Q: 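Once you've had a glance at the structure underneath, I'll fire off some questions.
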Protein chains: 2
Amino acid sequence: MTTAPTGETRWLTDEEQSVWRSYLHATTLMEDHLDRQLQRDAGMPHIYYGLLVQLSRAPRRRKRMTALARDAKITRSRLSHAVARLEKNGWVRREDCPSDKRGQNAVLTDEGFDVLARSAPGHVAAVRQVMFSRLTPEQVRSLGEIMQVIAGGLQPEGADADLPWLR
Amino acid sequence: MTTAPTGETRWLTDEEQSVWRSYLHATTLMEDHLDRQLQRDAGMPHIYYGLLVQLSRAPRRRKRMTALARDAKITRSRLSHAVARLEKNGWVRREDCPSDKRGQNAVLTDEGFDVLARSAPGHVAAVRQVMFSRLTPEQVRSLGEIMQVIAGGLQPEGADADLPWLR
DNA sequence: TCCATCTAGTTCAACTTTCAAGGAAAGGTC
DNA sequence: GACCTTTCCTTGAAAGTTGAACTAGATGGA
């Protein structure tokens, strides 16, 4: 299976296949590693940690549910469950949105902030260890560009950008 | 928060943070996209598809459970559940290993092979669309190298490779 | 105002993943 | 052979995710 079109299907070249496998391999290992690290050191999966980070950066450490879901790239359903769990831990609480009675704000509690502050150094160290400590500055720059290009092609806006009927 | 060590913790530089966010963003969007694509077109999540692919490439389209779990980078427990589901679909069956009575082979059925053959073109097209169609040949090569380096650092063997007491 | 429609968020059921526990066979070692 | 340890795989319960259905409130006309 090499580079040329076979019938209707344009298969991947050998190099592309190899890159794709390396990609899957590396991303799987990394996600597993970080998930376990955070579960052990912070008592939550990576995605939940990301939610706390989002809230910690938001003005007044709170954010509308929909905005939080959008920024964390998860569904609103998943976020509802996640916030319910984080609320049970006392790390987040819900608050009615004053301007829209349908709305809820997720608010990072002081306790949540402390958990974040305590676990951040270990997490950063893990990220550095699995990724940045192994790459040259040139590779880091290149990886950044590559990921931006890929993400750009998958953005809600961007996804439509090259549909012909949108010009 | 810039580049210098703060107290004990060596935080990420601004560039590293930016790259890390792009990385998380892009990989999340890609995985979601491909998961949905496969769920829709093949009736299974990406990881299950990967199991069928592994089996299709194995001699006699069968593989020991442990080997399959290792190659697919998942736990044996997860694999047991997954194979149970695929077995219910008729795409895989289990078979006792003749040489080791503890062992099981997962065997790709003809029906499983057909599902794979039918869904592969769409999946390849999706992979090409989200990744390869957006990258220059140079970027593809670079991404491959980067992912190999990262994976190398996380391999079961490799993970121990730089622990000081192992020399 | 009335109504259709849209948006925010939750909930339910089905499914997947994880973790800890366990049974059964294989591989030493004495 | 008896015993201990390891390996192979499964199981069950708890946790997490998904997609569809649903409620309540907002929005924009006619």
Side-chain angles (χ1 to χ4, degrees), chain A residues 28-29 31-52 62-89 91-107 156, chain B residues 28-29 31-52 62-89 91-107 156:
Chain A
T28 304
L29 290 175
E31 184 57 17
D32 285 3
H33 184 80
L34 293 180
D35 244 345
R36 236 161 295 202
Q37 182 263 319
L38 279 171
Q39 191 71 60
R40 175 166 42 76
D41 297 349
M44 63 190 131
H46 192 186
I47 183 86
Y48 288 31
Y49 180 90
L51 295 176
L52 297 193
R62 69 200 61 209
K63 214 167 202 176
R64 281 291 290 273
M65 293 292 280
T66 295
L68 183 50
R70 175 177 28 75
D71 297 346
K73 278 97 199 168
I74 63 178
T75 61
R76 290 195 306 272
S77 168
R78 189 174 176 184
L79 180 61
S80 275
H81 291 295
V83 167
R85 197 272 221 186
L86 292 171
E87 205 168 17
K88 212 179 296 181
N89 282 295
W91 297 339
V92 166
R93 67 186 161 75
R94 281 178 229 245
E95 151 189 289
D96 291 340
C97 174
S99 59
D100 185 337
K101 284 183 183 171
R102 297 166 303 179
Q104 295 273 285
N105 281 320
V107 186
Chain B
T28 303
L29 290 175
E31 183 57 16
D32 285 1
H33 183 80
L34 294 180
D35 244 346
R36 240 169 300 230
Q37 182 264 321
L38 279 172
Q39 191 69 59
R40 176 166 42 77
D41 296 349
M44 65 191 130
H46 192 188
I47 183 85
Y48 288 29
Y49 180 90
L51 295 176
L52 298 192
R62 69 198 62 207
K63 214 167 203 175
R64 283 289 291 273
M65 292 293 280
T66 295
L68 183 51
R70 176 178 28 75
D71 296 347
K73 279 97 200 170
I74 63 177
T75 62
R76 288 195 306 271
S77 169
R78 189 176 176 181
L79 180 61
S80 276
H81 291 296
V83 167
R85 197 271 222 187
L86 291 171
E87 207 169 16
K88 211 177 298 181
N89 282 294
W91 298 338
V92 167
R93 67 186 161 74
R94 280 177 231 245
E95 150 189 288
D96 290 343
C97 175
S99 59
D100 185 336
K101 285 184 183 171
R102 295 167 304 178
Q104 294 279 122
N105 281 321
V107 187

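This one's a predicted model, so the numbers in the text were calculated from it and none came from an experiment. Reminder, nothing fancy here: chain letters follow the sequence lines and each chain counts from 1. For the numbers below, each heavy atom of this structure counts, side chains included, while hydrogens, waters and symmetry mates do not.
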Q: All N/O contacts under 3.5 Å from nucleotides 20-29 of chain C to the protein, with atom names and distances to one decimal?
A:
residue, atom, partner, partner atom, Å
dA26(C), OP1, K101(B), N, 3.4

Q: What is the distance from atom CG of D41(B) to atom OH of Y49(B), rounded to the nearest 0.5 Å?
A: 10.5 Å
Q: Please tabulate, for side-chain N and O atoms in residues 80-89 of chain A, each donor-acceptor pair with protein atoms closer than 3.5 Å (sequence neighbours left out).
A:
residue, atom, partner, partner atom, Å
R85(A), NH1, G43(A), O, 3.4
R85(A), NH2, G43(A), O, 3.1
E87(A), OE1, R94(A), NE, 3.0
E87(A), OE2, R94(A), N, 3.1
N89(A), ND2, R85(A), O, 3.1

Q: Give a yes/no answer on whether the side chain of R76(A) brings an N or O atom under 4.0 Å of OP1 or OP2 in dT10(C).
A: no
Q: Okay, side chain of K73(A), backbone of D71(A): is any donor-acceptor separation there less than 3.5 Å?
A: yes
Q: Is there side-chain contact between D32(A) and I74(B), with heavy atoms separated by less than 4.5 Å?
A: no
Q: To the nearest Å, how far apart are R94(A) CZ and dT10(C) C1'?
A: 8 Å
Q: Identify the two heavy atoms, one from P98(B) and one from N105(B), that lie closest to each other, and give their separation to 0.1 Å.
A: CD-ND2, 4.4 Å
Q: Taking 4.0 Å as the cut-off, does a side-chain nitrogen or oxygen of R78(B) come that near to OP1 or OP2 on dT17(C)?
A: yes
Q: Does any non-hydrogen side-chain atom of R76(B) lie less than 4.5 Å from one of M65(B)?
A: no
Q: For a quick check of understanding: with a heavy-atom distance under 4.0 Å over all strands, which category does I47(A) fall into, base, sugar-phosphate or nothing?
A: sugar-phosphate
Q: With a 4.0 Å cut-off on heavy atoms, is R40(B) in touch with a base, just the backbone sugar-phosphate, or nothing at all?
A: nothing
Q: Tell me if a side-chain donor or acceptor on D35(A) pairs with a main-chain N or O of P45(A) at a distance below 3.5 Å.
A: no
Q: Between Q39(A) and N105(A), which residue's closest nucleotide on DNA chain C lies nearer the 5′ terminus?
A: N105(A)
Q: For Q104(A), does its backbone N or O pair with a side-chain atom of D96(A) as donor and acceptor, under 3.5 Å?
A: no
Q: Which nucleotide span of DNA chain D, 5' end to 3' end, has atoms closer than 4.0 Å to non-hydrogen atoms of chain A?
A: dG16(D) to dA26(D)
Q: Nearest-Å distance, NZ (K63(A)) to C1' (dG9(C))?
A: 17 Å
Q: How far does CG of L51(B) sit from NZ of K63(B), to the nearest 0.5 angstrom?
A: 10.0 Å
Q: Judged by each residue's nearest nucleotide on DNA chain C, which is more toward the 5′ side, D32(A) or A67(A)?
A: A67(A)
Q: Can you tell me how far C1' of dG9(C) sits from NE2 of H81(A), to the nearest Å?
A: 11 Å
